[in-house]
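Each remark here refers to the structure printed beneath this line.
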Amino acid sequence: MKKVLITGATGATGGNAINQLLQLKVPVRALVHKVDERSEKLSSQGVEIVRGDLSDFEAVSDALKGITAAYFVFPVKVPGILEATAFFAQAALEQGVGAIVNMSQISARRIAKSHAAQNHWIAERLLDRSGIPVTHLRPTFFAEWLTYLSESIREKNMFPLPFGDARYAPIAAEDQGRVIAAILNDSAEHAGKIYPLYGPKELTQYEVADILTQVLGRKITYVPVEIAAFSEIWKEMGYSPYIRQHGVFSGTNDLVEKLTGQKPMQMVDYIAKNKPLFVRTF
């Protein structure tokens with residue numbers, strides 16, 4: 001009988017993947033860091049909840065027992081992906097897992113200057129060497145990145161980023177969840193593939209600011225800053241130097257539509273859907 005494990009189950013991609021899998025009537029086990037209202041909600045929907053950490057080999061091994069396919073994602077905010085990937089690959093091998101969907105990033109490459117990007121590339125290779133059929137997802141920047149700056153947008157009507165006038169096609173976690181679920185539900189044809197994932201249209205941050213202005217009905221300004229200055233802003237927000245590194249994120253394609261039968265969400269739709277995050281309440 002098919003049963004899928006989702007790591008990062010209360011996160012953006014994992015949570016959306018679970019929603020899609022439940023619609024497909026696929027039994028789901030969720031690995032969570034702690035039992036709280038988010039995991040209780042999943043449990044009420046029929047999801048099996050197991051508590052554990054990806055840095056705990058025995059916990060990962062227990063979570064993978066009886067699992068036919070699994071989604072692996074490690075938080076980009078902190079280092080540790082290589083150890084966690086090694087634990088996951090070994091545990092999956094021992095438990096006879098038939099397929100893995102791995103969350104990587106578009107800038108993953110051997111020669112990346114970003115430690116995060118290079119580590120994602122090495123993590124891909126570790127999973128490949130396990131012998132388990134693996135599909136690697138390489139998304140560009142998430143549309144959700146805008147939510148990290150929601151307080152600035154809400155309180156100051158501006159957001160700072162060190163992107164200049166660079167263009168990329170933000171992809172929503174909801175679209176990625178549909179991709180993850182589609183592959184886990186029928187993984188054979190996707191084994192060994194690397195899928196770069198993009199939103200429907202490349203945008204500059206100036207264009208994103210224009211969309212915010214349109215949806216929110218007030219002027220929102222993008223403020224380009226130097227990387228060093230933004231690093232200090234990022235640090236004040238509580239993020240480590242690890243996540244402050246980044247690489248090449250431009251490009252677009254139609255893979256989301258091909259894999260799921262549905263076009264990815266436009267940025268205007270994402271902002272409209274999450275409008276309360278950017279609106280002040282008095």
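Values reported hereafter were calculated over all heavy atoms of this structure, with side chains retained and with hydrogens, waters and symmetry mates removed.
Relative ring orientation between Y195 and H190 is described as perpendicular, the plane-to-plane angle rising above 60° on a 0-90° scale split at 30° and 60°.
Contact record, A63 with V50: CB-CG2, 4.0 Å, taken as the closest heavy-atom pair. Residues I132 and A92 come closest through the heavy atom pair CD1-CB, 3.5 Å. The heavy-atom pair separating L255 from L197 by the smallest distance is CB-CD2, 4.3 Å.
For T13 and Q176, the side-chain atoms include no donor-acceptor pair closer than 3.5 Å. Defined by atom type and a distance below 3.5 Å, a donor-acceptor pair is missing between the side-chain atoms of H120 and N102. Remark: the T260 side chain and the Q262 side chain contain no N/O donor-acceptor pair separated by less than 3.5 Å. Side chains of S61 and Q95: a donor on one and an acceptor on the other come within 3.5 Å.
Taking Ile, Leu, Val, Met, Phe, Trp and Tyr as members and joining any whose side-chain heavy atoms lie under 4.5 Å apart, directly or through other members, the hydrophobic cluster of F57 also contains F87.
You'll find the side chain of L127 stays beyond 4.5 Å of the side chain of R129, heavy atoms only. Within the 4.5 Å cutoff, the side chain of F72 has heavy atoms near those of the T85 side chain. Within the 4.5 Å cutoff, side-chain heavy atoms of V26 are placed close to those of K2. Under the 4.5 Å side-chain criterion, counting only non-hydrogen atoms from C-beta, L184 is in contact with I6. Using a 4.5 Å heavy-atom cutoff, the side chains of Q105 and T140 are not in contact.
The distance from atom OG of S104 to atom CG of N119, rounded to the nearest 0.5 Å, is 10.5 Å. Note that OG of S107 and CD of Q118 are 11.0 Å apart. Values are rounded to the nearest 0.5 Å. Between the CD atom in Q45 and the CG atom in N19 there is a gap of 6.0 Å [rounded to 0.5 Å]. Atoms CG and CZ, from L64 and F88 in turn, are 4.5 Å apart once rounded to the nearest 0.5 Å.
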Set out, in order, the CA-CA distance, both residues' side-chain angles and the distance that settles side-chain hydrogen bond (donor to acceptor under 3.5 Å, both in side chains) for N16 and R178, then state yes or no.
CA-CA 7 Å; N16 279 291; R178 290 189 293 105; over 6 Å; no

Side chain to side chain contact (heavy atoms under 4.5 Å, CB included) evaluation trace for R154 with R280
CA-CA 6 Å; R154 193 169 56 245; R280 291 186 69 175; 3.6 Å; yes

Between F74 and M103, does a side chain to side chain contact (heavy atoms under 4.5 Å, CB included) hold up when you go through it step by step?
CA-CA 8 Å; F74 189 82; M103 177 56 71; over 6 Å; no

Output, in order, the C-alpha distance, side-chain angles, deciding distance and verdict of side chain to side chain contact (heavy atoms under 4.5 Å, CB included) for K258 and V256.
CA-CA 6 Å; K258 285 182 176 178; V256 170; over 6 Å; no

Using the rule given for salt bridge (charged side-chain N to carboxylate O under 4.0 Å, His left out), can you reason through E207 versus R167, listing the C-alpha separation, both sets of side-chain angles and the distance that settles it, and then say yes or no?
CA-CA 9 Å; E207 290 170 318; R167 307 179 73 86; 3.2 Å; yes

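Partners of D269 under the salt bridge (charged side-chain N to carboxylate O under 4.0 Å, His left out) rule, at least two apart in sequence or in another chain, do not exist in this structure. For E174, the salt bridge (charged side-chain N to carboxylate O under 4.0 Å, His left out) partners two or more places apart in sequence, or in a different chain, are K273.
No side-chain donor-acceptor contact under 3.5 Å links N185 to the backbone of A181. Here the side chain of T147 pairs no donor or acceptor atom with the backbone of S150 at under 3.5 angstrom. Put simply, the side chain of S43 never gets that close to the backbone of E40: no donor and acceptor are under 3.5 Å apart. A distance-only check finds a donor-acceptor pair linking the side chain of T7 to the backbone of Y71 [under 3.5 Å]. In this structure, Y168 contributes its side chain and T252 its backbone to no donor-acceptor pair below 3.5 Å. Using a distance-only test at 3.5 Å, with no hydrogens or angles considered, a donor-acceptor pair links the side chain of S152 to the main chain of M158. A donor-acceptor pair is defined here as one N or O able to donate and one able to accept, closer than 3.5 Å; such a pair exists between the side chain of E202 and the backbone of G251.
Between W145 and F142, the distance from one ring center to the other does not fall under 6.0 angstrom. A ring-centre distance under 6.0 Å is not found for Y198 and F141.
Under a cut-off of 6.0 angstrom, the local environment of NZ in K201 is sparse, with at most 12 non-hydrogen atoms contributed by other residues, nucleotides or ligands. Taking a 6.0 Å sphere around CD of E151, one finds it holds 12 or fewer heavy atoms contributed by other residues, nucleotides or ligands.
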